[in-house]
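No hydrogens, no waters, no symmetry mates; every other heavy atom, side chains included, goes into these values.
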Amino acid sequence: MRCAARYFRAMTEPRNLLAAEKSPYLLQHRDNPVWWHPWGAEAFERARREDKPVFLSIGYSTCYWCHVMEHDSFEQQAVADVLNKHFVSIKVDREEFPDVDQIYMDVVVGIHGHGGWPMSVFLTPERKPFWGGTFFYRDTFIQILGGIAHTWQTERHKAVSSSDELMRYLESRQERPQDRSGAGVVSPEVLRLAEEQLLGRLDSAAGGFGGAPKFPPSQQLMFLMRTYASHGGAAALEALRITLSGMARGGLFDQVGGGFHRYSVDAAWAIPHFEKMLYDNGLLAQVYLEAFQLTGEALYGEVARKTLRYLTTEMVDESGGFHSAEDAGEVEREGEFYAWTPAQVREALADEQSAARLCALLGISEEGNFERSTSVPHLISDQAWRESCEPAMQAALERLRLAREKRARPHRDTKVLSGWNGLAIAACAKGFQVLGDGELLAAAERAAQLIFDRLWSPETGLQRRFCAGSAGINAVLEDYAYLIEGLIALFAASGQGTWLERAALLQDEQDRRLWSAKHRAYRASASEGLIVEVCEWSDGATPSPNGTSLSNLTNLAELTGESRFAARAAELESGIPAEATAYPAQFCSTLRAVMLRRAPASVCVAVEPSGSPGPSSEVRALWKAFLPFTVAPWGVEGERNQGLFAGRSAIGKKVAFYVCRGQSCEQPTVESQRAVDVCSTGIPFASRRR
């Protein structure tokens with residue numbers, strides 16, 4: 001009995017409970033003296049039992065300032081003593097629980113007008129927030145903890161009153177006026193207003209919309225490319241050119257190893273915050289592929305190629321899944337992996353002339369533009385950009401990359417997330433179509449297969465995370481939406497009907513689990529324990545999952561002919577909140593979806609003659625055209641007879657293109673340009689030229 005009692009005490013005494021977690025972020029904190037709990041009912045039950053407030057800390061494993069706060073506060077016994085005595089502490093990986101993160105980030109933004117990570121929020125045992133902030137240095141943090149503990153113990157009514165006020169704020173954010181006519185709120189005037197708002201905020205010197213810090217505006221650029229295709233406009237094209245050039249030439253883009261960093265700390269895109277996120281690179285690869293299609297500018301295609309090479313060589317493992325992120329570097333050594341001195345370049349190249357030219361092109365100087373007299377490589381002009389693509393300079397850059405590989409590489413978060421993998425799958429599939437690289441298609445197929453092998457079952461539905469050999473955490477809306485988008489792109493690139501069938505399967509599952517009749521939109525999550533139901537339409541670092549879902553439903557309706565997808569798309573569009581009319585530039589992914597519905601969307605099925613080894617030059621010519629409102633799958637006559645390919649054949653020994661809208665098809669043509677012209681008709685507002 002005494003042994004049993006000792007065992008029970010050992011199992012119930014407070015301690016750090018993160019050692020058994022899978023999240024790389026939580027495991028980074030498993031040795032902290034803070035008695036961390038993972039997110040879940042147990043922590044809140046303890047808070048109720050001990051009558052303590054909850055300290056909720058949210059971050060992610062590649063977050064630089066999360067590392068700083070860990071070293072400065074959470075590793076320090078003085079901080080742990082206060083937290084352990086007066087609070088129940090919970091650590092959350094925002095990449096595992098974006099639904100939890102979104103709710104409490106809204107709280108912090110509501111209090112301070114801005115947010116970020118690490119996020120620090122104080123809750124009642126009922127999970128209701130009463131105060132929050134972001135990063136705090138140790139002395140300030142201890143003072144805050146002491147003040148909140150005192151308030152909880154002696155003036156709790158203040159905490160309760162603040163909690164009630166913040167709950168009203170959170171609930172009011174979801175009470176959005178909607179157009180009950182069923183026609184939605186996005187008119188041609190709203191689209192024009194969005195364009196005007198973006199162009200009005202353009203940094204005409206360096207590109208981007210607004211000042212520093214600058215985040216890559218993937219959704220805004222995709223929207224502007226569609227408005228330009230619709231009605232032209234020199235201002236939109238110039239905004240695209242300046243921004244695409246500024247990002248690609250600056251330090252935001254890793255000139256040596258490829259891929260984009262998280263954001264730029266300055267207005268000129270020169271000095272980045274050095275994290276690399278899977279979602280940014282998946283989205284920006286698509287942006288540059290589309291820009292290459294739209295303009296024919298080879299430099300955009302080269303940026304896309306290098307970004308996709310980074311994803312498929314540096315961000316995958318033997319399972320085939322894409323990893324989540326790479327760190328910015330060690331605390332107080334941020335960016336050290338990426339920065340150079342002229343001496344280091346000379347040593348790597350062993351060729352004074354090549355080193356001097358490369359340093360000139362990349363702005364690597366003795367005085368440097370970064371810390372410790374080092375330079376973050378950046379191309380000093382568009383001419384330098386073109387010169388850097390010459391074979392000799394590409395070879396020199398490759399030698400620089402190989403030399404850099406000998407440095408200690410920043411930490412990589414190796415968890416595989418369904419939704420972010422969906423963005424990478426879409427980018428690789430489109431990259432195969434536009435660039436003709438078969439390895440990109442293979443990489444997309446491997447990642448998609450991993451998800452259906454390890455993260456999907458009819459019983460549990462889609463899981464969000466695969467890490468350390470196991471899957472877990474129910475998927476949220478972004479997982480379904482982004483993965484469905486990726487599968488549609490993979491179907492178009494491969495012609496394999498399985499991927500379309502799985503996209504439809506996931507869409508039905510998304511409807512079953514996440515549709516909100518009240519909001520006529522999809523809930524961000526069906527997880528238990530969330531204090532509000534969130535149906536988000538605006539874009540953040542990633543596109544709105546509801547906006548993405550509207551595009552998915554529209555494409556699925558065209559590709560499958562199933563009326564349920566068209567009906568749901570109409571209902572979802574009618575749920576777009578009226579606030580989208582006031583500042584539509586915040587809703588660019590939703591605006592793109594509405595444009596797709598207005599186009600109307602089309603399908604161009606390409607059927608190759610029997611025995612064809614792969615997509616012909618005619619199909620590749622179609623794929624290289626900018627057709628943002630068309631899905632263009634291909635197949636070989638006699639090999640793919642199901643669905644869209646049923647009853648369709650090549651014409652003689654030539655590929656046949658069948659352009660269809662609303663299940664009604666034009667007469668087939670063997671001319672790719674004719675197919676492009678047909679697909680280009682009906683683009684919304686195309687007749688309104690400026």
The test is side chain to side chain contact (heavy atoms under 4.5 Å, CB included); show your working for Glu509 and Leu462 and say whether it passes.
CA-CA 9 Å; Glu509 188 73 8; Leu462 183 64; 6.0 Å; no
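- Annotation: the span from Ile531 atom CD1 to Arg127 atom CZ amounts to 9.5 Å, rounded to 0.5 Å.
- With Cys665, the cysteine Cys660 has an SG gap short of 2.5 Å.
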Val121 vs Ile58, side chain to side chain contact (heavy atoms under 4.5 Å, CB included): CA-CA, chis, key distance, verdict
CA-CA 8 Å; Val121 189; Ile58 302 180; 5.5 Å; no
Could you give me the CA-CA distance, side-chain angles and deciding distance for Val476 and Asp479, then say whether side chain to side chain contact (heavy atoms under 4.5 Å, CB included) is met?
CA-CA 5 Å; Val476 297; Asp479 294 308; 3.3 Å; yes
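- Between the CD atom in Glu96 and the OG atom in Ser324 there is a gap of 9.0 Å [rounded to 0.5 Å].
- Residues Thr460 and Ser457 bring a donor and an acceptor atom of their side chains to less than 3.5 Å of each other.
- Under the 6.0 Å cut-off for aromatic ring centres, Trp39 and Phe44 qualify, their centroids lying closer than that.
- Side-chain atoms of Asp511 and Tyr522 form a donor-acceptor pair, as typed in the model, at a separation below 3.5 Å.
- By the 30° and 60° cut-offs, the orientation of the rings of Trp36 relative to Phe74 is perpendicular.
- Checked against a 6.0 Å centroid threshold, the rings of Trp420 and Tyr279 count as neighbours.
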So Asn546 and Ser544, side chain to side chain donor-acceptor pair (under 3.5 Å) or not? Walk me through it.
CA-CA 5 Å; Asn546 269 301; Ser544 159; 5.2 Å; no
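- To the nearest 0.5 Å, the span separating CD on Gln286 from CG on Leu308 amounts to 9.0 Å.
- To the nearest 0.5 Å, atoms CZ (Arg446) and CD (Gln449) are separated by 12.0 Å.
- Put simply, CZ on Phe122 and OG on Ser57 are 9.5 Å apart, with the number rounded to the nearest 0.5 Å.
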